[in-house]
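Accompanying notes for the structure given below.
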Amino acid sequence: MLLPRFDYLDPKNLEEALDLLAVHKEDAKVLAGGTDLLVRMKKGLLTPKVLISLKSLNELSYIKEEAGCIKIGARTPLADIIASGPVQDNARALSQACEKVGAITMQHYRGTIGGNILQDNRCHHYNQSDFHRSGHQACHKNGGKTCYARENADRCNSTCQSDGSTALMALGAKLVLLSKGQERTVDLDNFYTADGIMPHDMEPHELLKEIIIPINGARSAYKRLAYRSAIDYPIVCAGVLVRPSDSQKDRIDEARIVVGAMGRAPLFLAQASSSLKGKKLDDTDAFKKAADASMDSAATFAVHNVGSTLEYRCSMISPLVLQGLKEAASEK
Ligand SMILES: Cc1cc2nc3c(=O)[nH]c(=O)nc-3n(C[C@H](O)[C@H](O)[C@H](O)COP(=O)(O)OP(=O)(O)OC[C@H]3O[C@@H](n4cnc5c(N)ncnc54)[C@H](O)[C@@H]3O)c2cc1C
Ligand code: SF4
C-alpha cells in the first residue's frame, strides 16, 4: 500500500503552523507522529492535499504543573507522559492508558498524546484496504447510505478506540484549541459529536495545543481489554476517578466512571458515578453496584464493529470498572 501524493509543509513555529492551517483548511491535515494518519492514508481512507508537520514545533512538547493543573503539550510523546512524575502522582489513569497504546516503539518515537486523542474512529467494516472495501456498497463513512455495523442506522457509528481519551475524560480534562488569532478551551466531555464521520467538535483550521488536567487530590486508574497485550487497540476499556472528601478522608466526594471503545465517543456514566458520592473508599459493594450500572448504561450505546462479540465486550464492562474502582480507591 502506497501513500497518495501530498505536499509536505514543515512550519518552524506555532504561528506559521496556524497561518498554514488558515490557508489550506480542509485540504490539510496536521501530521504529528503519523501512526494513525499515515496508516489511514495508505489504506486510501483519506487523501489530504497537504500535510502540516508538527516535527519542528518543540514548543508543543512539554509537561508542566501550573495553577493547580498538569498541562501537556499536544505533541508530547506518549513515553514522556508514562515517565512523568506529576502524571504518575496526580493522573495515574493517563500514565496507565499511554502504556497500553500500540507498542513501546510507538510510545517512544512516534505516538503523541494529541494524535492519540484526535485519531479517527474505527470500524472493522471500514478500516480496510481499498480492495476489501470495493467488495461491498459504500457505507455512510464512505459516502453511501448504509451502515454495516448497526441496522437501519442513519449515521456512522464508528468507534473511538483511543486509550488516552477514555483516561482523560475520567480525569476531567480540558483541551485548548488554537486557530489564527483565536483560542478556545473545551471540556473533553463536550468534545465529541454524535457522528462517527467527524467524531470531534473541531474545525479543520484548528490545532490542538494543550491538554489540561486538574490536580485535586483525586485517584484514578485505567483498565482495558484487547486481543493482544501489544500492538492492538482496546475492544473495551474503562477510566475511573475517585476523589476523597476534604473533610472525611475515607469518603468519596466525587467519582467519574468512563467506558471506552464501545461507541462513537468515550461514555461518561453520570448516574453510576454519582451513586458513589458519600460512599466509603473501601465500600466494594457500592463499587460493584456502580460497575453493574455502568455496564447496563454503556451497553445501550455499544456498537458491534471492533471485533469480538458485542455480548462479550458488554459483559466485560463491569469487571473492568470494578477493578479500576478498587485500584483507584486503594491508591496511596
Ligand atoms: C498497529 C497500531 C496499534 C495501535 N494501537 C493503539 C492503541 O492500542 N491505543 C490507541 O489509543 N491508539 C493506538 N494506535 C493509534 C495511534 O498509534 C496512537 O493513537 C497514537 O498516539 C497517535 O498519535 P500520532 O502522533 O501518531 O497521531 P497522528 O497519526 O499524527 O495524528 C492522528 C490524527 O490527529 C490529528 N492531529 C494530531 N495532532 C494534532 C494537533 N496537535 N492538532 C490537530 N490535529 C492533530 C492528525 O491530523 C490525525 O488526524 C495504534 C496504531 C497502530 C498503527
Ligand atoms: S459504523 Fe457503519 S457507517 Fe460507520 S464506518 Fe462502520 S459500517 Fe461504515
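First listed ligand is number 1; within each ligand, the first listed atom is number 1. The analysis underlying the following values was restricted to heavy atoms, covering all of them including side chains, and did not include hydrogens, waters or symmetry mates.
Side-chain atoms of Thr193 come within 3.5 Å of backbone N or O of Asp195 as a donor-acceptor pair. Here the side chain of Arg40 pairs no donor or acceptor atom with the backbone of Gln119 at under 3.5 angstrom. Not a single donor-acceptor pair under 3.5 Å links the side chain of Ser84 to the backbone N or O of Asp80. Listed for the Asn157 side chain is no donor-acceptor partner under 3.5 Å among the backbone atoms of Val303. A distance-only check finds no donor-acceptor pair linking the side chain of Glu183 to the backbone of Val176 [under 3.5 Å]. In this structure a side-chain-to-backbone donor-acceptor pair under 3.5 Å is missing from Asp27 to Val50. Within the 3.5 Å criterion, the main-chain N or O of Cys123 finds a donor-acceptor partner in the side chain of Asn127.
Atom 7 (S) of ligand 2 has Tyr148 N, 3.3 Å as its closest protein atom, hydrogens excluded (heavy atom only). Nearest non-hydrogen protein atom to atom 13 (C) of ligand 1 is Tyr233 CE2, 3.3 Å. What sits closest to atom 12 (N) of ligand 1 on the protein, heavy atoms only, is Gln119 NE2, 3.3 Å. Of the protein's non-hydrogen atoms, Cys156 SG, 2.4 Å is the one closest to atom 4 (Fe) of ligand 2. Protein heavy atom nearest atom 21 (O) of ligand 1, with residue, atom name and distance: Thr112 O, 3.2 Å. The protein heavy-atom contact nearest to atom 34 (O) of ligand 1 is Leu118 CB, 3.3 Å. Among all protein heavy atoms, the one lying closest to atom 42 (N) of ligand 1 is Leu208 N, 2.9 Å. The single protein non-hydrogen atom nearest to atom 5 (S) of ligand 2 is Tyr126 CB, 3.4 Å, given as residue, atom name and distance. Residue, atom and distance of the protein heavy atom nearest to atom 6 (C) of ligand 1 are Gly102 N, 3.5 Å. Scanning all protein heavy atoms for the shortest distance to atom 6 (Fe) of ligand 2 gives Cys123 SG, 2.3 Å. Of the protein's non-hydrogen atoms, the one nearest atom 22 (C) of ligand 1 is Thr35 OG1, 3.3 Å.
Residue nearest to atom 37 (C) of ligand 1, selected from Gly115, Gly34, Gly164: Gly115 (by heavy-atom distance). The residue from Leu175, Asn116, Asp232 that puts a heavy atom closest to atom 18 (C) of ligand 1 is Asn116. In this structure, of Leu178, Asp163, Thr76, the residue bringing a heavy atom nearest to atom 10 (C) of ligand 1 is Asp163. Nearest-heavy-atom check against atom 47 (O) of ligand 1 across Leu51, Leu37, Val30 picks out Val30.
Residue Cys147 counts as close to atom 2 (Fe) of ligand 2, with an N, O or S atom under 2.8 Å. In summary, Cys139 places no N/O/S atom under 2.8 Å from atom 6 (Fe) of ligand 2, failing the contact criterion.
Contact analysis puts Met202 in contact with ligand 1, with a non-hydrogen atom separation below 4.0 angstrom. Residue Gln161 places a heavy atom less than 4.0 Å from ligand 1. The closest approach between Gly196 and ligand 2 stays at or above 4.0 Å for every heavy atom of the residue. Within the 4.0 Å heavy-atom cutoff, Glu210 does not count among the residues contacting ligand 1. For the pair Leu54 and ligand 1, a heavy-atom separation below 4.0 Å is found.
Neither the backbone nor the side chain of Asp120 comes within 4.0 Å of ligand 1, counting heavy atoms alone. Residue His205 does not touch ligand 1, judged by heavy-atom distances below 4.0 Å. Using a 4.0 Å cut-off between heavy atoms, Asn305 contacts ligand 2 through its side chain alone, with no backbone atom that close. Contact annotation for Met106 and ligand 1: only side-chain heavy atoms (C-beta onward) come within less than 4.0 Å of the ligand. Using a 4.0 Å cut-off between heavy atoms, Arg40 contacts ligand 1 through its side chain alone, with no backbone atom that close.
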field: Check against side chain to side chain contact (heavy atoms under 4.5 Å, CB included), Val87 and Ile213
entry: CA-CA 9 Å; Val87 175; Ile213 305 167; 5.8 Å; no

message: What verdict does the side chain to side chain contact (heavy atoms under 4.5 Å, CB included) test give for Leu177 and Leu208, after you've listed the backbone C-alpha separation in whole Å, the side-chain angles of each residue and the deciding distance to 0.1 Å?
response: CA-CA 5 Å; Leu177 300 166; Leu208 175 62; 3.8 Å; yes

task: Verify side chain to side chain contact (heavy atoms under 4.5 Å, CB included) between Asp250 and Gln248, making sure each step is shown before the conclusion.
output: CA-CA 6 Å; Asp250 63 339; Gln248 287 176 286; 4.0 Å; yes

task: Check the pair Gln96, Glu327 against side-chain hydrogen bond (donor to acceptor under 3.5 Å, both in side chains), reporting the backbone distance first and the verdict last.
output: CA-CA 12 Å; Gln96 292 174 328; Glu327 186 177 307; 2.7 Å; yes

message: Using side-chain hydrogen bond (donor to acceptor under 3.5 Å, both in side chains), reason through Ser53 and Tyr8 one step at a time and then give a plain yes or no.
response: CA-CA 7 Å; Ser53 173; Tyr8 175 83; 3.2 Å; yes

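Contact of the Ile52 side chain with the Leu21 side chain is registered, since non-hydrogen atoms from C-beta on lie closer than 4.5 Å. Within the 4.5 Å cutoff, the side chain of Tyr312 has no heavy atoms near those of the Val236 side chain.
A cation-pi arrangement is present between Arg133 and Tyr126, with the terminal nitrogen or guanidinium carbon under 6.0 Å from the aromatic centre and inside a 45° cone about the axis. For Arg256 and Phe268, the positive end sits near the middle of the six-membered ring, less than 6.0 Å away and at most 45° from its axis.
Every atom of ligand 1 with a heavy atom of Leu78 under 4.0 Å away is listed here by number and element: 21 (O). Taking every non-hydrogen atom of Lys29 and a distance limit under 4.0 Å, the qualifying atoms of ligand 1 come out as 47 (O), 49 (O). Within ligand 1, counting atoms from 1 as listed, the ones closer than 4.0 Å to a heavy atom of Asp36 are 29 (O), 32 (C), 33 (C). Per-residue contacts place Ala32 under 4.0 angstrom from the following atoms of ligand 1 (heavy atoms of the residue considered): 25 (O), 30 (O), 37 (C), 38 (N). If you number the atoms of ligand 1 from 1 as listed, the ones under 4.0 Å from a heavy atom of Ser162 come out as 11 (O). Near Ser158, meaning under 4.0 Å from one of its heavy atoms, ligand 2 places the atoms 1 (S), 4 (Fe). Of all the atoms in ligand 1, the ones that sit under 4.0 Å from a non-hydrogen atom of Lys100 are 8 (O). Within ligand 1, counting atoms from 1 as listed, the ones closer than 4.0 Å to a heavy atom of Ala74 are 41 (N). Listed by number with element, the atoms of ligand 1 under 4.0 Å from a non-hydrogen atom of Ile231 are 1 (C). Here is the list of ligand 2 atoms found below 4.0 Å of a heavy atom in His140: 3 (S).
Using the six-membered ring where Trp is involved, Tyr148 and His125 have ring planes that are tilted, between 30° and 60° apart.
Counted by atom type alone, Asn58 and Arg75 present one or more donor-acceptor pairs between their side chains at under 3.5 Å.
More than 12 heavy-atom neighbours from other residues, nucleotides or ligands sit within 6.0 angstrom of NZ on Lys43. By the neighbour-count criterion of 12 heavy atoms within 6.0 Å, atom CD of Glu59 is densely surrounded, having more than that number from other residues, nucleotides or ligands.
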